[in-house]
Amino acid sequence: MVNMSLVSSSEQKIRSAVLGAAGYSGAELCALLAANPYFSLDYAFASGGRTAEPLSQLYPRFTNAIDIVVEPWQDERISSLQIDVAFLALPHEASEAVTPLLLAAGIVVVDLSGAFRLKQADLYPKYYGYQHQHPELLANADYCLMEWLSEVPGDLISVPGCYPTACSLALLPLIKNELLAEHNIPVINATSGVSGAGRKAALSTSFCEVGLNAYGFFGHRHRPEIEQNLRRKVVFTPHLGNFKRGILATSVVTLKAGITPEQVKQAFTEAYQHKPLVRLLSQSPNVANVAGTPYCDIYWQQDGEQLVVVSAIDNLLKGAAAQAMQAANVRFGKPETAGLFSGVVV
Ligand SMILES: NC(=O)C1=CN([C@@H]2O[C@H](COP(=O)(O)OP(=O)(O)OC[C@H]3O[C@@H](n4cnc5c(N)ncnc54)[C@H](OP(=O)(O)O)[C@@H]3O)[C@@H](O)[C@H]2O)C=CC1
Ligand SMILES: CC(=O)N[C@@H](CCC(=O)OP(=O)(O)O)C(=O)O
C-alpha cells in the first residue's frame, strides 16, 4: 500500500483529455482521473452540438468535487491540446474516426469503444454494422484485458467490452490450463444494468419499459470479442435487468473427464492471487457488491464434469473506465491501481 502523500508534488503529471465526458463511462473516467495523483484532467469534451457546461451541472454528484467544463468537441481542437493521453468514451465510429488524428499528433489513445477490439476487420460489418475505415490500426491496437496482459501497451490501447471482461476473466484460467473438454462450447448468460446502454434516451431502456429480458441472440458484437479472447466458440446471450449498474455473468462449461476440484481451484488461484482487482469469493457474487468498485468477483461450483462460473463487475468501472485507468497507469509506468480507490493505491 502506498500513501499518496508520499507522491512528490513536483512530479510532472500526465496530462489528459476525456472525449465523451458527458456520457456515463466518460463521466466515470473524469472522476477516476481527478482522483489519480499521477494524472491531471485537463479537458473534457462532449459532442460538437453542445454548448460548454460544467460537468457538475451534467452530473450534480460532482458538485464541489470535480471542477471541469465539458466543451463541445471539434477535430480542429487537436492541434491546440496540451496532452499526453486522450480517453475516448465515444460511439465506436466516432472513436475510429478521431483515433488516427490523435495518434498523428503524438497523443496516446485509450479507447473504450469497440472500434479497435477485434483483430479481423471483416467481422465489423456483421457485428458492428459498418465497414472499418482504418483496418491497418487493428494490428497495432493493444487489447488490454489487464489481468492477462503480458507487455506494457503501446500508443493505441483498446479497452475490452464490459460483458467480455466479466466472462473472459471467469473462463481464461480454465482455458489457459486446458481444463475444458475438447469440443465444449461455453454457454454464457449475462445480465447488465441499464447504464450499459449509455445515457441517451431510448424507449427500450426507459424506466417503465425495463424488466428483465434477453437480447442479441447469437449476433451480439461481444460474441466475437469473447471468442477472440478464449480462442473458442461460445454461446453468449446478454440480458437487460432493471438495475442501474453492474453485470452478472453465469458461464457453464464441461470439463475434461477426471478434472478435480483442486485443479480448478489451483487454476483460479494461480491466475489471480497477485491481481488485486479480482476477488475469488466463497459465495455467489452479487452486482450490489461490485457496483461503484473496480473489482471483478468470481465464484464457481463443480459437479463432476460440469462447472458453473459466476462473475460480477461494474460495467462502467471494471467494464470500462477503471480498466481504462488501469491500462493508462501501466502504459505510463505508474502503479496499476492508482486512482481506483479514491486516491489510495493498493
Ligand atoms: N456504458 C457502458 O457500460 C460501457 C460503454 N462502453 C463504451 O464506451 C463508449 C461510450 O459509452 P457510454 O458512456 O455508455 O455512452 P453515452 O451515450 O453515455 O455517452 C457518449 C458520449 O459520446 C459523445 N459523443 C457522441 N458522438 C460524438 C461525436 N461524434 N464526437 C464527439 N463526441 C461524441 C456524447 O456527447 P453528447 O452527450 O453531447 O451526445 C457523450 O458524451 C461506447 O463506445 C461504449 O460502447 C464500454 C464499456 C461499457
Ligand atoms: C445493456 C446494454 O445495452 N449493453 C450494451 C453493452 C455495453 C456497451 O456499451 O458495450 P461495450 O462494452 O462494447 O462498449 C449492449 O448490449 O450493446
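First listed ligand is number 1; within each ligand, the first listed atom is number 1.
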Engineer: Hey, does W73 come in under 3.5 Å of ligand 1, counting only N/O atoms on both sides?
Structural biologist: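 Between W73 and ligand 1, no N or O pair is found under 3.5 Å apart.
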Engineer: Ignoring hydrogens and geometry, is there a side-chain-to-backbone donor-acceptor pair from E96 to Q133 under 3.5 Å?
Structural biologist: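 Yes; judged by distance alone, with no hydrogens or angles, the pair exists.
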Engineer: Of the side chain and backbone of S25, name the one, both, or neither that has a heavy atom under 4.0 Å from an atom of ligand 1.
Structural biologist: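 Both backbone and side chain.
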Engineer: For ligand 1, note which part of S192 has a heavy atom under 4.0 Å away: side chain, backbone, both or neither.
Structural biologist: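 Neither part.
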Engineer: Looking at ligand 1, does any of its N/O atoms fall within less than 3.5 Å of an N/O of F45?
Structural biologist: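 The answer is no, given that F45 and ligand 1 share no N or O pair closer than 3.5 Å.
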Engineer: For ligand 2, find out whether one of its N or O atoms is nearer than 3.5 Å to an N or O atom of H222.
Structural biologist: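 N/O-N/O distance under 3.5 Å: yes.
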Engineer: Would you call the rings of F45 and Y43 parallel, tilted or perpendicular, where under 30° means parallel and over 60° means perpendicular?
Structural biologist: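 Plane angle under 30°, so parallel.
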Engineer: Can the ring centres of Y38 and F332 be said to be less than 6.0 Å apart?
Structural biologist: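 So the answer is no for these two rings.
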Engineer: Decide whether an N or O pair under 3.5 Å exists between L240 and ligand 2.
Structural biologist: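 Checking ligand 2 against L240, no N or O pair falls under 3.5 Å apart.
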Engineer: Applying salt bridge (charged side-chain N to carboxylate O under 4.0 Å, His left out) between R331 and each of D142, D84, D155, report the one that passes.
Structural biologist: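 Option passing the salt bridge (charged side-chain N to carboxylate O under 4.0 Å, His left out) with R331: D155.
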Engineer: Only heavy atoms count here, so choose which of E225, H239, R221 is nearest to atom 8 (C) of ligand 2.
Structural biologist: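 Comparing heavy atoms across E225, H239, R221, the nearest one to atom 8 (C) of ligand 2 lies in R221.
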Engineer: Tell me which protein heavy atom sits closest to atom 6 (N) of ligand 1, plus the residue, atom name and distance to 0.1 Å.
Structural biologist: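 Nearest neighbour among protein heavy atoms for atom 6 (N) of ligand 1, to 0.1 Å: L112 O, 3.9 Å.
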Engineer: Under 3.5 Å, is there a donor on one side chain and an acceptor on the other for N315 and S192?
Structural biologist: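 Note: N315 and S192 side chains miss the donor-acceptor criterion.
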Engineer: Using ring-ring contact (aromatic ring centres under 6.0 Å, His included) as the criterion, point out the one residue from F217, F218, Y163, Y215 that pairs with F236.
Structural biologist: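 Of the listed options, the one satisfying the test is Y163.
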Engineer: Regarding Q263 and Q302, is there a side-chain donor-to-acceptor distance under 3.5 Å anywhere?
Structural biologist: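 No donor-acceptor contact under 3.5 Å links the two side chains.
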Engineer: Answer yes or no: does an N/O atom from G114 fall short of 3.5 Å to an N/O atom of ligand 1?
Structural biologist: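 Between G114 and ligand 1 (N or O atoms, distance only) the closest approach is not under 3.5 Å.
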Engineer: Compute the shortest N/O to N/O distance between S192 and ligand 2 and return yes if it is under 3.5 Å, no if not.
Structural biologist: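 No, since none of the N or O atoms of S192 sits under 3.5 Å from an N or O of ligand 2.
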Engineer: Return a yes/no value for G161: is any of its N or O atoms, backbone included, closer than 3.5 angstrom to an N or O of ligand 2?
Structural biologist: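 Among all N and O atoms of G161, none is under 3.5 Å from an N or O of ligand 2.
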Engineer: Would you mind reporting whether N140 and L103 have side-chain heavy atoms less than 4.5 Å apart?
Structural biologist: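 The answer is no, as the side chains (C-beta and beyond) never meet within the 4.5 Å cut-off.
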Engineer: Give a yes or no on whether the ring-centroid distance for Y295 and F341 is below 6.0 angstrom.
Structural biologist: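 Yes: the rings meet the under 6.0 Å criterion.
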Engineer: Is there a polar contact between ligand 2 and H220, counting only N or O atoms under 3.5 Å apart?
Structural biologist: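 In this structure, H220 places an N or O atom under 3.5 Å from an N or O of ligand 2.
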Engineer: What protein heavy atom sits nearest atom 35 (O) of ligand 1, and how far off is it?
Structural biologist: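 Result: S47 N, 3.2 Å.
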Engineer: Is there a polar contact, in the sense of an N or O pair closer than 3.5 Å, between R117 and ligand 1?
Structural biologist: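 No; the residue has no nitrogen or oxygen that sits under 3.5 Å from a nitrogen or oxygen of the ligand.
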Engineer: Using a 4.0 Å heavy-atom cut-off, which part of R199 comes near ligand 1: side chain, backbone, both, or neither?
Structural biologist: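 Within the 4.0 Å criterion, R199 contacts ligand 1 through backbone and side-chain atoms alike.
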